[in-house]
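Just the heavy atoms: all of them, side chains too, but no hydrogens, waters or symmetry mates, feed the values below. Along the sequence shown, residues carry numbers from 1.
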Amino acid sequence: VRASLATDYEGIPHQKFIVELSTGQTLLIAHNIELASPVRRLRVGETILIYGEYIWNAEGGLLHRTHDDPDFLLPHGWIRYKGRKYQ
């Protein structure tokens, strides 16, 4: 985890944070906290595992759909942090 950002409550609420990959690329994570629990006690410098949908952008990209898909149209996403799975 590179940075923890303020939760976005505009529209559907999303917990937002930035991660840095081993390649140096950064990704914005937009975790829907209406469909999944927020990641608790998220700390900068910690390792986190995330599975979701990647969308490219000039800043490095965005990863979202880190939760169960209520319509079962896409694979369920998730976040694993400190032994707990958030989905």
Any side-chain donor near an acceptor of the partner, Glu53 and His64, under 3.5 Å
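Yes, because at least one side-chain N or O of Glu53 sits under 3.5 Å from a partner of the opposite role on His64.
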Can you name the nearest heavy-atom pair linking [X] to [Y], along with the distance?
X     : Y     : result
Asp8  : Glu10 : OD1-N, 2.9 Å
Glu46 : Tyr81 : CG-OH, 3.4 Å
Val1  : Val19 : CA-CG1, 4.3 Å
Ser4  : Leu42 : OG-CD2, 4.4 Å
Thr66 : Asn32 : OG1-N, 4.4 Å
His67 : Leu35 : CE1-CD1, 3.4 Å

Under a 3.5 Å distance rule, please check whether His31 uses its side chain to pair with a backbone N or O of Ser37 as donor and acceptor.
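Indeed, once roles are kept as given, a pair shorter than 3.5 Å links the two residues.
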Whether the side chain of Gln15 engages the backbone of Val39 through a donor-acceptor N/O pair (distance < 3.5 Å, no angle test) should be reported.
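It does hold such a pair.
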From Leu27 atom CG to Ile55 atom CD1, the distance as rounded to the nearest 0.5 Å:
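Rounded to the nearest 0.5 Å, the CG-CD1 separation comes to 11.5 Å.
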Do Ile12 and Leu63 share a hydrophobic cluster, counting only Ile, Leu, Val, Met, Phe, Trp and Tyr and linking them when any side-chain heavy atoms are less than 4.5 Å apart?
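Per the 4.5 Å side-chain linkage, Ile12 and Leu63 are not co-clustered.
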For His76 and Arg65: C-alpha separation, side-chain torsions, deciding distance, then whether side-chain contact (heavy atoms from CB on, under 4.5 Å) applies.
CA-CA 8 Å; His76 296 307; Arg65 293 190 177 270; over 6 Å; no
Given the rule in the side-chain contact (heavy atoms from CB on, under 4.5 Å) test, do Lys16 and Leu28 qualify, once you have shown the distances and angles that lead to the verdict?
CA-CA 7 Å; Lys16 292 187 173 183; Leu28 172 64; 4.2 Å; yes
Once you measure the plane-to-plane angle for Tyr51 and Trp78, does it fall in the parallel (<30°), tilted (30-60°) or perpendicular (>60°) bin?
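Answer is parallel, since the angle falls under 30°.
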